[in-house]
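First the proteins, then the strands, lettered A, B, ... as listed; each starts at 1. Heavy atoms only: backbone and side chains are in, while hydrogens, waters and symmetry mates are out.
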2 protein chains.
Amino acid sequence: MVDGGARPGALYRKVAADLGREITEGAYGSGGRLPAEGELAERYGVSRGTVRQALSVLRADGLITSRRGTRRVVLRTSQVQSFGELLSFTRWARSIGEEPGSRIVRVENEERATAAEREQLRLAEDARVCRMVRVRSLSGRPVMVERTVYPEAVGALVAGLDEGAVSHTVRLEEQGVLFADAQHTVDLVRADEEDAELLGCRPGDPLLRERRRSTDPAGAPIEWSEDRYLPGTVAFTVHSSAAAGTLARRPGMPPSG
Amino acid sequence: MVDGGARPGALYRKVAADLGREITEGAYGSGGRLPAEGELAERYGVSRGTVRQALSVLRADGLITSRRGTRRVVLRTSQVQSFGELLSFTRWARSIGEEPGSRIVRVENEERATAAEREQLRLAEDARVCRMVRVRSLSGRPVMVERTVYPEAVGALVAGLDEGAVSHTVRLEEQGVLFADAQHTVDLVRADEEDAELLGCRPGDPLLRERRRSTDPAGAPIEWSEDRYLPGTVAFTVHSSAAAGTLARRPGMPPSG
DNA sequence: CCACGCAAGTTGTACAGCCAACTGGCAGCG
DNA sequence: CGCTGCCAGTTGGCTGTACAACTTGCGTGG
C-alpha cells in the first residue's frame, strides 16, 4: 500500500480523493464520524478492500483516525500538502499564493565529490558531482539560501537548464528524473559570512535549516540539499501516528495546527 | 493498513519486525534488493497479502522503496524511532543514552480555557484546563522549556502524579490515556524573559520551537504543548514519500541522513 | 438508579485468486 | 555493434470470503 509505482487512475485513489474532498469541505464536520466501510463500498461500487486502501491514505495524511470497533473519526478538515509541494520551493510558494524567485549564485560542475558527498549520494571513489548555490525569494524578498549537490548525471541535466528556469525540480521531472522519497532534518544554525551577504542579515544570526536527501523510485540518491531560511518565513509541520506521518512546509508562524 | 486499533500480536507485525531487524542488521546491504513477496510468503508461511501488509509498514518507515516491476530496494539501514520516543521526552532521552530530568516551574489547575485553548483542545465555552510549565534537562543540563495545556479530565490525572514523576506521558498511558496521533509544527522563535531565565540564556536568543497537539484513539485532543529547545540540542528528522512519512527527534547536529 | 451483560455494528487480520502494468535481461535482427 | 521485440519475473490493484476483536448502546436484573 502507501505508494511507489502507484497509478494515478487507481480506483482507491479516486475514492480517497473524493472522500478527502468531502472531509475538507466539512461534510462530516470536525470530530464527526465517517460512514462504515461497507456503506462506502456500496456507495462507490467497489469492494471493501478497495475502500480500506482509500481510507489508509487519508489515515496516513492525518485526516482521520482508525480504530477497531467504531467508525472512523475526522481529525482535521484542512487540506494536505502534496509531496511535490514539499520538495519544490516553487510549487510550494505558488500554492500559498506567493511569487517564487530564484537567483543562481554559483555553479560548480563536474567537481570531484568529497567523502561526505560520496556517502550521501552513494557514489564511487572517483565520482564527480554538480554543486549549486541559489537564493530563493518570495515576492522579491530573499528568504532562503539553497545549497544543493547533484550526482554527475543529474547535474548534466541541471546545467543544461535555462538560466531563468525557476523550478529545477519540475524541469528534472519533465526529463524523467522522478522524486520518490526524501529524508529531511530540521534544526537551527547561525548564518555564516556568505549566508549573511545573500540573505541580508548579519553573520551569527539564527536561521532555520532543512537538510534533505532525495531518492528516485529505484532508491538511487538524486539530490542532497541544505536550505537555510530566515526566521519567520517558514515552519515545518508533521502529522505522526503509531506508524505514519506527513511533513509539510507552511507559511511562517501559523496560528493553528 | 497503517495502524490504529492494531494488535501487537498480528502476524504481519511479526513479519515486519523480523524483516526490519534483518534490514537494520545489514542482511541485504544498503541499496540491496529484498526477496520477492512470494518468496517471503513461503518463508514465513503466510499469504502474499500478509507479506504486503508487513512491507507497507517498512515502506511507511522509509526503510524500503516499492515499485512495480522490480524487487524492493533497501533505502536506509538505520533504526526507526517509535511513536512513543517522539512524544515522550523521557523515553527519547533514554533511547539516546542520556539521563532525562524534569523540574516543574508552574501548575495552574482548573483554569478557564482561553479561546485559543478551546479551539486547539476542542472544548466547550465554559471548559477548564490545566496548564503546566516544566524545564527538561539532559544529564543535568537544561535544554528545553515545555508549556503544556491539558483538558480538565486529563489535568486531574496529571495533578495527581508524584511531584518527582519524570515522564507524565508514560504515567498517563498507564492510567488509560492513550496517545494515538499528533500534529507537530517546528519553527524558530526568540527567547522571552521567562525562557531566558529558565534555560540560562539571554532574552532574544534563538530557540527551536516544536508545537504539538496530541489526540487519543477516538480523536479527542488530550494535550497541546509548546516546547522550546536551546540550539544544538535537538534536530527533527522526517521521512516523506508520495503518501507517507515519519517524524523523529534526534540528538543535535547529526552528521548523516 | 446503577451495574452488568448481551447483541448488533464496525474495523482488524488473514486467506486465496486473478489480471494489469511494469522492469530488466536476452535473443534475434538489421 | 546497436536496436527492437519478446518473455519471465515482480509488484500494483481489485474482488470475495471468513472470522476475530473491539465499541457502543440497550435492556435486563438487582
- Query: Closer than 4.0 Å, any side-chain N/O of A:Arg71 to the OP1 or OP2 of C:dT10?
  - Reply: yes
- Item | Carboxylate-amine/guanidinium contact B:Arg33 B:Glu39, below 4.0 Å | no
- Task: Answer yes or no: does a side-chain N or O of A:Arg33 lie under 4.0 Å from OP1 or OP2 of D:dT24?
- Result: no
- Message: I'd like to know if A:Arg48 and A:Glu37 make a salt bridge, using a cut-off of under 4.0 Å between side-chain N and carboxylate O.
- Response: yes
- Message: Distance check needed: C:dA21 P versus A:Leu11 CG, whole Å only.
- Response: 13 Å
- Message: Should the side chain of B:Arg48 and the base of C:dG17 be counted as holding a donor-acceptor pair, with the cut-off at 3.5 Å?
- Response: no
- Closest-nucleotide ordering on DNA chain D, the 5'-leading residue of B:Glu39 and A:Ser47: B:Glu39
- Run the salt-bridge test on B:Arg134 and B:Glu146 with the 4.0 Å N-O cut-off and return the result as yes or no. yes
- Distance test, side-chain N/O of B:Thr50 to OP1/OP2 of C:dT13, below 4.0 Å: no
- Message: Please identify which of these residues, A:Glu110, A:Glu117, A:Glu152, meets the salt bridge (charged side-chain N to carboxylate O under 4.0 Å, His left out) condition with A:Arg131.
- Response: A:Glu117
- State which of D:dG16, C:dT11, C:dA21 makes the closest approach to the side chain of B:Arg68. C:dA21
- C:dT23 phosphate, OP1 or OP2: any side-chain N/O from B:Thr70 under 4.0 angstrom? no
- Query: Are the charged groups of A:Glu85 and A:Arg94 less than 4.0 angstrom apart, N to O?
  - Reply: no
- Nearest-Å distance for atom pair CG/C1', residues B:Leu34 and D:dT11: 13 Å
- Message: Tell me the interatomic distance from B:Leu55, atom CG, to D:dG12, atom P, rounded to whole angstroms.
- Response: 9 Å
- Note on the structure: A:Glu42 CD to D:dT15 P, in whole Å, measures 14 Å
- B:Arg72 side-chain N/O to C:dT23 phosphate OP1/OP2 under 4.0 Å: no
- Task: Could you please name the option among D:dC14, D:dT10, C:dT13 that lies closest to any side-chain atom of B:Ala36?
- Result: D:dT10
- Does a side-chain N or O from A:Arg52 land closer than 4.0 Å to OP1 or OP2 of C:dG12, or not? yes
- Note on the structure: Of the candidates D:dG12, D:dC14, C:dC15, the side chain of B:Glu37 sits closest to D:dG12
- Starting at CZ of B:Arg59 and ending at C1' of D:dG12, how long is that distance when rounded to a whole Å? 12 Å
